[in-house]
Amino acid sequence: MKTTTDERASAAATTGDRPVIPDGATIALDVRSLQKVYRTQDSELEAIRDLTFQVPRGQLVCIVGPSGAGKTTLLRCISGLLESTSGEVLLDDEPVTGPPPGMAVVFQEYGRSLFPWMTVRQNVELPLREKGIGRAERHALVDEALDAVGLGDVPSAYPWQLSGGMQQRVAIARAVAYQPEVLLMDEPFAAVDAQTRADLEDLIRTLWKRLGITVLFVTHDIDESVYLGQRVLVLSNRPTVVIEDVRVDLPDERDQLETRSSRRFTELRGHVYELIQKAKKGYRP
Amino acid sequence: MKTTTDERASAAATTGDRPVIPDGATIALDVRSLQKVYRTQDSELEAIRDLTFQVPRGQLVCIVGPSGAGKTTLLRCISGLLESTSGEVLLDDEPVTGPPPGMAVVFQEYGRSLFPWMTVRQNVELPLREKGIGRAERHALVDEALDAVGLGDVPSAYPWQLSGGMQQRVAIARAVAYQPEVLLMDEPFAAVDAQTRADLEDLIRTLWKRLGITVLFVTHDIDESVYLGQRVLVLSNRPTVVIEDVRVDLPDERDQLETRSSRRFTELRGHVYELIQKAKKGYRP
Amino acid sequence: MTRAPRTRDALLGLTGLALVVAVVQLLPTLGLVDPAYLPPATEMFSALAREVTEASFWTQLGETLRGWAIGLAAAMVAGVLAGIVIGSVDFLRKLTASTIEFLRPIPSVALIPLVVLIYGSKPASALVLVVYASFWQVLVQVLYGVADVDPVVRDTARSYRFSRRALVRRVIWPTALPYVLTGFRLAAAVALILEITAELVIGVPGLGNAIGVAQSSGAVALTYALVIVVGLVGVAVNLGARTIERRALHWHASIRRDL
Amino acid sequence: MTTVATWGRQLFWLLALPLVLLTLWWVASADSTSIFWPPLSTILEAFPQTWDADRIVNDALPSLARLGIGYALALVAGVAGGILVGLSRTVRALCEPSMEFFRAIPPPVLVPVIALFAGYTGSTSKIVTIALGCLWPILLNTVEGVRGLDEVQLDTARVYRFRSRTRLLQVVLRGASPQIAAGARQALSIGVILMVISELFGANRGLGASIVQFQRAFAVPEMWTGIILLGLIGVALAGLFRLVEHRALAWYRGVRRADRGA
Amino acid sequence: GGDDASAGDGSGDDTTAVTVGVIPILDVAPIYLGVEQGFFADEGLDVTLETAQGGAAIVPGVVSGQFQFGFSNTISLLLATSEGLPLTVVADGVSSTGEEGNDFGAVIVPADSDIKTAADLEGKKVAVNTLNNINTTTTNEAVRKDGGDPSTIEYVELAFPDIIPAIQKGDVDAGQVVEPFLTIGTSSGMRAVTDNFVQTDPDLTVAMYFTSEQFAQEDPEVVEAFTSAMNESLDYAQENPDAVREVLGTYTELDADLQEQVILPRWTSEIDVDSVELLSELAVTDGLYSEQPDIDTLLP
Ligand SMILES: Nc1ncnc2c1ncn2[C@@H]1O[C@H](COP(=O)(O)OP(=O)(O)OP(=O)(O)O)[C@@H](O)[C@H]1O
Ligand SMILES: Nc1ncnc2c1ncn2[C@@H]1O[C@H](COP(=O)(O)OP(=O)(O)OP(=O)(O)O)[C@@H](O)[C@H]1O
Ligand SMILES: [Mg+2]
Ligand SMILES: [Mg+2]
């Protein structure tokens, strides 16, 4: 039995006139009253207070929020790397207890997530091998992914021989080559230049459309969140709750120049910017 | 004998009608035909081919360039952490051989540049102690810097208890509290949210004006480079050379809303964007 | 490019050894110690020069090296396997911690009569001592190494759902490798020490036995000459370990920085 | 409430396996007639008579005191030397072969040389023997720890021009401390071993000397009690060590745990 | 040193291979000599000599069957017997010469020491190679006979090679040594204070060859053959001191001068039962064990 759109989630959509979750969509990801408290020896820190949202299969959701809000924490809970304090995360109606199959994560600490003892190519290839993909296909996927992120020429370099942006792109290539069903990305373009960033944005949208994957994309770039997402989840300051679930009612075909200069884009980004400013000032719904 | 403006540098300015280096300014930083080749066991990689530029005392220079161009390499050469292969770097007419006094650096790998065994406060305070600043003043500086980056409430946390953006802000606070004469920053705002980023941009400009420091600021955000800098150095693809030395002839008083919406700002950012695109395509002067 | 500094290193190492030799030469000749108990280096070397011409010396050296190598290899295999298994299974790690602490400090030397009793034939009893003593060295290093896996790296592997095998081979093993090599170097020395001691005390044929004979005959220079041989074996082992390290750990910060 | 439970759990982990092994030993040795494998019950009976107050005060304690002093010396020398060697490629190249040379020499043959300088009968030569043996794991691990330090951290220290003292104490030492701890831990058990070996020479009292004398007098159950006592001392010292490590490396455990989300 | 000592021509048809655990010192010269002379081969034994550092390692070796025979000092054998180890002596090993001032073991002191007689050792620090063993027992007895109180002596254990330097450095006041260290000591100007073996009993049986009871029962013929060859070797050694001095070079590292100078012990095929009994009594006096073991089971 698959859950479908529920009242609560649609009610949260305040921008645009359609709900953030289309009627009848299959829910891939269901986050229910998630709470996360970090416990240290002598103190407790509530990172996430109460998060509830649903993501239908094949949706591209951007998550924005002030620095230190709890976005990384959220992604780590969803990916099953971190145990939540209360509430639950369901993926395809199964509670997440450990990393589920078919999920790829691009970590915020991209540098540390690469294996320094392997070349770029080996880093990208290893998860594919683990997935059991044959040699020929694997090679094709790796080459394609590395080309797509503009690193076709350095497959035999080691991560520590690369610049920060290049390391980040290796991590992206690894996730892309993996052909996941669910893709979690934590500020994946933070270290690349504007032009590369635009290219990578388009790459993610292309992939997403082609493979029909569900994407959760954490970013600090408001323009990026609006340009990329079908929906932007704006989080409050720590302890985190959802301030607003913004539906991005831009046409599905997006273009770096055209879309970004459209009136609706400007409106939306203005709206999100305002929300962030409110969040920073401590506003909570 | 202090070097002053030289022909070559002024000739490089192509935007605006005044040279990028005002006549008669004292040169703080003089980079002369800098070349850097990375040598590994069996290969060589030329990161920087030939860089020559000068920065007068108290100027705020932004550096942009494609990912993997060699910006970090350049900063590391300037800070004396990396030996150049040929050419030289002069700081106040002294050749740089090791880290010079009065310089602060915010590393691109902000997370790794914090000492995990020290609290946030200790991390910020230690360089001040090393500089020989008295207890009371030190405390005031640390508090001020932490407040300025919005971390006044977590001084006794450890870096690993912080989010990525918070870690980055600790590294910034450390550099700011140090009150350097020369400040090198390598994509220092990559991991913070838009609002915080704007605040930090203004913080850097305020500090720069107040203390009259020389700032080299590497960024991927073209708007940021134009908003912040008096001058934007656009680098080519690896092996790096200067594509263009853009003078930012915006008024000295800048404002997030006003400046960014001015016509000249849009022109400049468009120009820089074009340069980056050219650089990405492999254009070299 | 990389050769030059390595030659320089070798020269420096030789300089260091030469300094030691000079000190050993000067102490007795200047009368700081009685040459009857610490003969000048030249005498040691001439005793050594005489010794290396005898076939029996080479037989003894061979016996010592064989016992040492077999024991060390066994300890390495056992220590690495046990270390990885225990280290990566939380339950086992907790369960065995106290027992490991208990067994580790029991001096192998104290086990000699038992060992002689159980493993009648002699090289085997030296072997047991060697394996017992060096096993702990390796095990403990591997345990530390396994615990040192970068959490982000571990998470990456987990999120891509690496199999256990791949986790061990691709993530845990490379992280633990620097520790394993340190363990190897510690264990190699301990194994040599135990091999020699066993030869000395139980009478297992080998260099240690020769040292014992020389000692109880009051042949001081010869004793030192044999000790020098033992030390040189140690130096050779370390050179080998360093070479392996340079190849296997070329990606590691410690090696990278040396380039 | 929770602390009681935590203690209980820790006690369980501490004792579970040893108890199982002891039971096995007990059962396996119960009917033993072999001189060298006396029944565990015999050994345990011999324990209190063998290690009476006199033995503890006059044999065990002086040995432990020597161990403590030797270990402390090794710690200081090993860490200081290790940092020196680890930081400088030149020093490393200069010292390494000589270090390896001395490290390979078994203490039993080195002891006469030590005695030549430190005296034959007093505590000094024993302390030096212990210190020399403990030195290597500490030194080696320190060297490796220093060599593996994070480059960005070192760069940070350089850029902010930390004085060498600060750089050594606050950056190098702290950063290498997890691995130094690994070495120190290893040295601890080597120290116990050497405490025994050092008493094979020029001693008339001491823990190790007692065990050796039992062994030579074929007092097998007593010898076993000595071996067990050594093991117990090892466990106790390891526990003590863990207490210290727990405090000194709190940050390190934090870093590790942080990403596991505790 | 070469090890062609075992290259005897005992390649008869029904030779029995036996391994003997010995200590590479002067005392065991007869067995090396006997092997060289073919005495063992004549008895149908193919002897392999394995050296160990001390009796403590040889006794377990014999009990476990790794060595068929071993060489150990009398006190060690008594101790082993008192702890219930099943051992049987098969031949005498080495005995005191019985000549004052000319024995193979003595307590030595620096030439200028104020220790003149055994009684002067009272309250002094004396080095021995093994605590609570034959050397302390006999030294104690020598002191006792000289009218001193041996309980005040502080014994320190040092390996033989280290005793002389320890005396010279003043770390100890005196030391009990055997050959070749006695000669090394006296030739470097030290003075023998008392011949502890002779003082205890001029006929003192210092060490013996032994086997395990089990082996003695299972292979009485081999034991008999060994005893007879061993006795022959002992007598031969006693009669041919030059041959002894020569064979020393094959299994020790003594230099040529020392080979000539060392005082040889006395070797005899007769076990002096009285002296063994005396040692056993003295061991009780010294507290090595509380109850005398049954000497008859130990001795043949
Ligand atoms: N291991 C930890 N122990 C204690 N507190 C932690 C830990 N990890 C994160 N926190 C705290 O949890 C809060 C949320 O952190 P998180 O990393 O999720 O933020 P974020 O939204 O990803 O921020 P950024 O955009 O800066 O990366 C922060 O206040 C941080 O201090
Ligand atoms: N240690 C190294 N060994 C070999 N090559 C290196 C090393 N460090 C950097 N490089 C190479 O030098 C080039 C420039 O690197 P650098 O880090 O300076 O780039 P960058 O401009 O800072 O890029 P980014 O914006 O992505 O951080 C890259 O191609 C990189 O692969
Ligand atoms: Mg984050
Ligand atoms: Mg960079």
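Computation of the quantities below employed the complete heavy-atom set of this structure, encompassing side-chain atoms and omitting hydrogens, waters and symmetry-equivalent molecules. Order of the sequence lines sets the chain letters (A, B, ...), proteins ahead of strands, with each chain counted from 1. Just so it is clear, the model here is predicted, and its values are computed rather than measured.
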Residue part contacting chain B, namely of A:A279, when any heavy atom lies under 4.5 Å | neither

Is chain A contacted by the side chain of B:A198, its backbone, both, or neither, given a heavy-atom distance below 4.5 Å?
-> side chain

If you tally heavy-atom pairs under 4.5 Å against chain A, which of B:G150, B:G111, B:A191 wins?
-> B:A191

Show me, pair by pair, the donor and acceptor atoms from chain B and chain A that are under 3.5 Å apart.
from	atom 1	to	atom 2	distance (Å)
B:S67	N	A:D193	OD1	2.6
B:S67	OG	A:R169	NH2	2.7
B:G68	N	A:S163	OG	3.4
B:S163	OG	A:G68	N	3.3
B:R169	NH2	A:S67	OG	2.7
B:A191	O	A:H220	NE2	3.1
B:D193	N	A:H220	ND1	3.4
B:D193	OD1	A:S67	N	2.6
B:Q195	OE1	A:Y273	OH	3.4
B:Q195	OE1	A:Q277	NE2	3.0
B:T196	OG1	A:K280	NZ	3.1
B:H220	ND1	A:D193	N	3.4
B:H220	NE2	A:A191	O	3.1
B:Y273	OH	A:Q195	OE1	3.4
B:Q277	NE2	A:Q195	OE1	3.0
B:K280	NZ	A:T196	OG1	3.1

